[in-house]
Amino acid sequence: MSVMYIRGGTPLEGELAVHGAKNSVLPILAACLLARGPVVLRNCPRLTDVTAALSILRRLGCRVEQAGNTITVDPAGASGCSISEEQMRSMRSSIIFLGPLLARMGEAHLTYPGGCELGPRPIDLHLAAIRAMGCEVSEDRGIHCQGRPRGGEVQLALPSVGATENAMLCAIGAQGPTTIVNAAREPEIGDLQSFLNSLGARVRGAGSSTITVEGGGKLSGGEYTVMGDRIVAATLLSAAVSAGGRVRLSGVDWRHLATVLSVFHQAGCRVESGPDHVELIRDRDAPLKGVPTIRTAPYPGFPTDAQAPVMAALAASQGCTLFVETMFDSRYRHVPELIRMGADITTEGRVALVRGVEELHGARVEASDLRGGGALAAAALGAEGTTVLSGLHHIDRGYEGLEEMLQRLGANVERREA
Ligand code: UD1
């Protein structure tokens, strides 16, 4: 088992290009099934979730090559339509293959997906979307879907990111047009639309609540560069807020981080942003301030994935901050670990009250989910003494070489075998 040793108290200084977005590359990899020729994807992060997606593509008959941050998928020989239970359990995003499988094969056999334990994460909206496009779905010892999608109107009861993407991908292979109503508006959906259109699809409306897809077209192969990861950026900025210093990140669009940057500004940090960069300056001698209630919400609201890192950053501050997690039931699993580091946080259901303390201290803590892990690293960098962070397999699902990124910003971090 490996652990991270993190010595806090050194301000972060420097510049870093943020790696590609996990939540973009996963649906884009699934979308490669729809292409007729090879697809070359650049800026793909090396993450265990990406490895899991590549293993699913191989099982389905695609040829896949990974060289550094470039992945080539040749879907010409794809013929499979089932994904094993082990592969489905390896990550929540395995469900994103459902739409492309139906679009390409007219048949899909899966099981329920695994992923981070954030409370119940049903897939009813994904299945309702598939049904609305004319496919048959049966849930008898697994999920079995049949039929070529014919398109139509998909009304999502909630703006689910995954269900929106699944509906878009299924609709590409439909005989007629599809309209997705109450679609999620996350930037990664815009990236998926750009990718699909670069291969010849006709998808419009991503970023708004209504997305239209003209089905029937065959997609070509092509080349595409995946967008930067706004949640990795939010985590690195949280680390800089916690440790103090000056950090400039490139490769992300600051507008995708507007709600998070506004919190850091209100807490007393200086934030400067341009078209392709964001810079944060925090003077460690000036204490952070608590901020008005942070309520997670679908984009363009405050991202649930940034809740834990931002909470970690504000744990040592003057005043209180109230968090309301509206997206997932069980997303405060980092709180007991922050308390071990000296934080004063009380949770009640979906609400967490952070009473700022003067300083956190190092402790042995364990990541129990991906973003909670990023949060503990951010907290440790501002804490007095050394933190030993375990549960790194969660972190490796969504951060490519977190310790290397932090080292490049001057942090005292090391991964060792325990
Ligand atoms: C995606 C992101 C994840 C982020 C989340 C919310 C990816 C790979 N993951 O996850 O990082 O935390 O969006 O921004 O992009 N729901 C249902 N039924 C469904 C589907 C969802 O009730 O069929 C509910 C969920 O339980 C949750 C809410 O809808 O309460 C939002 O979930 P959703 O947007 O689907 O999240 P994911 O796509 O799984």
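Residues: numbered from 1 along the sequence shown. Whatever order the structure lists ligands and atoms in, that order sets their numbers, starting from 1.
A salt bridge is absent between Glu400 and Arg46; no separation between the charged side-chain nitrogens and carboxylate oxygens falls under 4.0 Å. Salt bridge Glu404/Arg408: absent, no basic N to carboxylate O contact under 4.0 Å. Using a 4.0 Å cut-off between a side-chain N of Lys or Arg and a carboxylate O of Asp or Glu, Arg331 and Asp305 qualify as a salt bridge.
In this structure, Ala184 does not count as a contact residue of ligand 1, since none of its heavy atoms falls inside 4.0 Å of the ligand. Residue Ala163 places no heavy atom under 4.0 Å from ligand 1. Residue contacts with ligand 1 leave out Glu188, since none of its heavy atoms falls under 4.0 Å from the ligand. Contact between Met91 and ligand 1 is absent, with no heavy atom of the residue lying under 4.0 Å from the ligand.
Leu29 is listed as a side-chain neighbour of Leu41, based on a closest heavy-atom distance under 4.5 Å. The side-chain heavy atoms of Cys135 and Gln146, taken from C-beta on, include no pair separated by under 4.5 Å. No side-chain heavy atom of Val18 sits under 4.5 Å from any side-chain heavy atom of Ser250. Looking at Arg371 and Ile231, their side chains come closer than 4.5 Å, going by heavy atoms from C-beta outward.
Residue Phe328 has no nitrogen or oxygen atom sitting less than 3.5 Å from a nitrogen or oxygen atom of ligand 1, judged on distance alone. Polar contact check, Pro122 against ligand 1: a nitrogen or oxygen pair lies under 3.5 Å apart. Taking only nitrogen or oxygen atoms, main chain and side chain alike, Glu165 does not reach within less than 3.5 Å of ligand 1. The shortest N or O to N or O distance between Met327 and ligand 1 is under 3.5 Å. Distances between N or O atoms of Lys22 and those of ligand 1 include no value under 3.5 Å. Between Leu125 and ligand 1, an N or O atom pair is found at a separation short of 3.5 Å.
Every atom of ligand 1 is numbered from 1 in the order shown, and the set under 4.0 Å from a heavy atom of Leu158 is 22 (O), 24 (C), 29 (O). Of all atoms in ligand 1, numbered sequentially from 1 with element shown, those under 4.0 Å from a heavy atom of Gly162 are 35 (O), 38 (O). Atoms of ligand 1 lying under 4.0 Å from any heavy atom of Arg331, numbered from 1 in the order shown and given with element: 12 (O). Every atom of ligand 1 is numbered from 1 in the order shown, and the set under 4.0 Å from a heavy atom of Val161 is 1 (C), 13 (O), 15 (O), 33 (P), 34 (O), 35 (O), 38 (O). Those atoms of ligand 1 with a heavy atom of Ser93 less than 4.0 angstrom away are 8 (C).
Looking only at distances, no side-chain donor or acceptor of Arg350 sits under 3.5 Å from a matching main-chain atom of Val324.
With a 4.0 Å heavy-atom cut-off, ligand 1 is reached by the side chain of Thr304 but not by its N, CA, C or O. Counting heavy atoms closer than 4.0 Å to ligand 1, residue Asp305 contributes side-chain atoms (C-beta onward) but none from N, CA, C or O.
In terms of heavy-atom proximity, Ala52 sits nearest to Ser90 at CB-OG, 3.6 Å.
Aromatic ring orientation, His256 versus Tyr299: perpendicular (interplanar angle above 60°, classes split at 30° and 60°).
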Query raised in the report: Checking side chain to side chain donor-acceptor pair (under 3.5 Å) for the pair Gln307/His334: CA distance, chi angles, key distance, verdict?
Result: CA-CA 10 Å; Gln307 176 257 108; His334 50 284; 3.2 Å; yes
